[in-house]
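Here's the structure we're looking at; comments come further down.
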2 protein chains.
Amino acid sequence: MHQPEHLKSAGLKSTLPRLKVLDLFENSKERHLSAEDVYKQLLSSGEDVGLATVYRVLTQFEQAGLLVRHHFEGGKSVFELNKGEHHDHIVCLQCGHVEEFYDTAIEARQEKVATELGFTIRDHSLHIYADCTKKKCPHKRLRMPPGTH
Amino acid sequence: MHQPEHLKSAGLKSTLPRLKVLDLFENSKERHLSAEDVYKQLLSSGEDVGLATVYRVLTQFEQAGLLVRHHFEGGKSVFELNKGEHHDHIVCLQCGHVEEFYDTAIEARQEKVATELGFTIRDHSLHIYADCTKKKCPHKRLRMPPGTH
DNA sequence: TTGCAAATAAGAACAATTATCATTCGTATA
DNA sequence: TATACGAATGATAATTGTTCTTATTTGCAA
């Protein structure tokens with residue numbers, strides 16, 4: 001359960017809160033978690049962490065390359081373990097579930113478009129918001145704030 | 001300068017603040033403006049509007065289909081006149097300028113990917129963050145908050 | 001004109017996040 | 001193993017972007 005090496009190699013001290021957060025991401029069923037999610041799950045596991053620490057640790061992990069941050073519509077940041085390989089996301093508007101995909105053609109066209117416009121890509125995000133057509137979708141409607149289109 | 005018809009047909013009363021905001025979008029050099037941008041520009045034009053009104057009007061215009069809202073990285077919402085045709089965005093990390101593009105291949109592949117995964121697309125956003133290679137780029141560095149990757 | 005619902009301005013309230021700061025913890029070293 | 005010091009933490013204040021509340025004003029139909 002403890003992987004202090006991950007932290008060590010990232011130049012981070014191996015502290016309880018950091019180990020707990022990392023552990024949570026590695027064992028959670030949902031890959032994508034917000035700061036609030038992490039905080040609440042740690043609390044309900046009996047851990048005693050501060051919300052500020054959660055935010056700090058998440059940001060540090062992001063900078064260390066352990067986590068990747070996403071800004072889906074809805075305002076809050078969402079994190080996932082960095083698998084090393086880039087991928088895009090499709091978010092289910094019914095249940096909020098996030099699926100990942102990677103399409104070579106899309107990636108290639110992006111490069112082409114950017115080059116033609118005189119840009120060098122540093123980063124990109126492609127978010128598809130969709131309705132799940134499978135029946136296994138829990139239909140737990142995702143809160144979509146006004147402003148979501 | 002006044003286009004009350006736009007408002008009328010959207011079912012909105014033709015009020016001063018609404019006309020001013022609409023006017024600003026139609027005459028501004030920058031297509032993409034945040035609520036703060038709109039508020040400050042109106043103030044410096046000698047107009048007397050409240051920030052709350054700006055937010056309300058922007059949201060109403062979005063719902064009426066006059067404006068489109070985007071969530072670029074950085075937290076704040078950005079609006080632009082709705083031209084009717086969907087397009088994606090490439091944001092210059094140097095100066096913050098936003099260029100628009102549309103690529104049929106990308107759009108088609110998205111549909112394909114979503115269908116294969118069992119989703120029906122409702123909306124999507126593709127944001128490319130890039131460095132401008134042209135010399136005309138003002139190099140007024142865009143504030144990129146921590147959390148931006 | 002007048003009346004009244006709709007819209008506004010100002011500021012309080014809110015949610016997500018970051019900053020501050022006194023206390024505690026991890027760990028290199030003695 | 002004890003200890004000392006800087007790094008990390010938790011509690012809470014502060015900030016930021018946005019929405020809500022309310023008293024007042026405005027657009028417009030009769």
Side-chain angles (χ1 to χ4, degrees), chain A residues 2-22 32-40 42-43 46-64 67 69-79 143-149, chain B residues 2-22 32-40 42-43 46-64 67 69-79 143-149:
Chain A
H2 291 209
Q3 299 90 344
E5 327 80 46
H6 290 188
L7 296 176
K8 283 275 178 53
S9 63
L12 294 169
K13 250 185 210 173
S14 160
T15 68
L16 249 307
R18 285 175 182 159
L19 289 171
K20 295 301 182 187
V21 170
L22 198 49
H32 302 81
L33 302 172
S34 68
E36 189 82 24
D37 293 336
V38 172
Y39 179 62
K40 283 186 178 161
L42 288 184
L43 281 198
E47 304 300 333
D48 181 27
V49 288
L51 180 55
T53 300
V54 170
Y55 274 103
R56 244 177 327 207
V57 169
L58 290 176
T59 300
Q60 291 162 343
F61 282 5
E62 183 202 5
Q63 286 164 350
L67 296 180
R69 181 194 302 248
H70 300 292
H71 300 273
F72 297 139
E73 293 182 6
K76 36 174 68 172
S77 290
V78 171
F79 300 81
R143 170 183 58 87
M144 293 300 270
T148 299
H149 53 290
Chain B
H2 291 209
Q3 297 91 346
E5 328 80 46
H6 290 189
L7 296 176
K8 284 274 179 54
S9 64
L12 294 169
K13 252 184 210 175
S14 162
T15 68
L16 248 307
R18 286 176 181 159
L19 289 170
K20 295 300 183 186
V21 170
L22 197 49
H32 301 81
L33 303 172
S34 68
E36 189 81 25
D37 293 336
V38 171
Y39 178 61
K40 283 185 179 160
L42 289 184
L43 281 197
E47 305 299 334
D48 181 29
V49 288
L51 179 55
T53 300
V54 170
Y55 274 102
R56 234 176 305 130
V57 169
L58 289 176
T59 300
Q60 290 163 342
F61 282 6
E62 184 203 3
Q63 286 164 350
L67 297 178
R69 182 194 301 248
H70 300 291
H71 301 274
F72 296 141
E73 292 185 5
K76 39 173 66 172
S77 290
V78 171
F79 299 80
R143 168 182 61 85
M144 292 300 270
T148 300
H149 53 288

Query raised in the report: What is the nucleic acid contact for A:S34, judged by heavy atoms within less than 4.0 Å: base, sugar-phosphate only, or nothing?
Result: nothing
Can you check the [X] [atom1] to [N] [atom2] distance for me, whole Å?
{"X": "B:Y55", "N": "D:dT16", "atom1": "OH", "atom2": "C1'", "answer": "9 Å"}
{"X": "A:L58", "N": "D:dA8", "atom1": "CG", "atom2": "P", "answer": "15 Å"}
{"X": "B:K20", "N": "C:dT8", "atom1": "NZ", "atom2": "C1'", "answer": "15 Å"}
{"X": "B:Q63", "N": "D:dT19", "atom1": "CD", "atom2": "P", "answer": "10 Å"}
{"X": "A:D37", "N": "C:dT17", "atom1": "CG", "atom2": "C1'", "answer": "15 Å"}
{"X": "A:L7", "N": "D:dA8", "atom1": "CG", "atom2": "P", "answer": "11 Å"}
{"X": "A:E36", "N": "C:dT18", "atom1": "CD", "atom2": "P", "answer": "14 Å"}
{"X": "A:F61", "N": "D:dA8", "atom1": "CZ", "atom2": "C1'", "answer": "12 Å"}

**Report entry** Min side-chain heavy-atom separation B:H71-A:F72 under 4.5 Å
**Finding:** no
Give the minimum heavy-atom separation between [X] and [Y], together with the two atoms involved.
{"X": "B:Y39", "Y": "B:V49", "value": "CE1-O, 3.3 Å"}
{"X": "A:A35", "Y": "A:V54", "value": "O-CG1, 3.6 Å"}
{"X": "B:T53", "Y": "B:P17", "value": "CG2-CB, 3.9 Å"}
{"X": "A:S14", "Y": "A:L19", "value": "OG-CD1, 3.7 Å"}

Identify the pairs formed between an N or O of the protein and an N or O of nucleotides 1-6 of chain C at a distance under 3.5 Å, and give each distance.
unit_1: C:dA6; atom_1: O4'; unit_2: B:K13; atom_2: NZ; d: 3.1

Query - Check against side-chain hydrogen bond (donor to acceptor under 3.5 Å, both in side chains), B:R56 and B:T59 - result: CA-CA 5 Å; B:R56 234 176 305 130; B:T59 300; over 6 Å; no
Query raised in the report: Got a second to check how far B:L12's CG is from B:R18's CZ, nearest 0.5 Å?
Result: 4.5 Å
Considering only nitrogen or oxygen atoms on both sides, find all protein atoms under 3.5 Å from nucleotides 9-13 of chain C and state each distance.
unit_1: C:dA9; atom_1: OP1; unit_2: B:D48; atom_2: O; d: 2.7
unit_1: C:dA9; atom_1: OP2; unit_2: B:G50; atom_2: N; d: 3.2
unit_1: C:dA9; atom_1: OP2; unit_2: B:T53; atom_2: OG1; d: 2.4
unit_1: C:dA9; atom_1: N7; unit_2: B:R56; atom_2: NH2; d: 3.1

Query - Side-chain N,O (A:T15) to OP1/OP2 (D:dA7) below 4.0 Å - result: no
Requested in this report: May I have the step-by-step check of side chain to side chain contact (heavy atoms under 4.5 Å, CB included) for B:D37 and B:F79, ending in yes or no?
Outcome: CA-CA 10 Å; B:D37 293 336; B:F79 299 80; over 6 Å; no
Query raised in the report: Listed by chain and number, what are the salt bridge (charged side-chain N to carboxylate O under 4.0 Å, His left out) partners of B:K13, not counting sequence neighbours?
Result: none
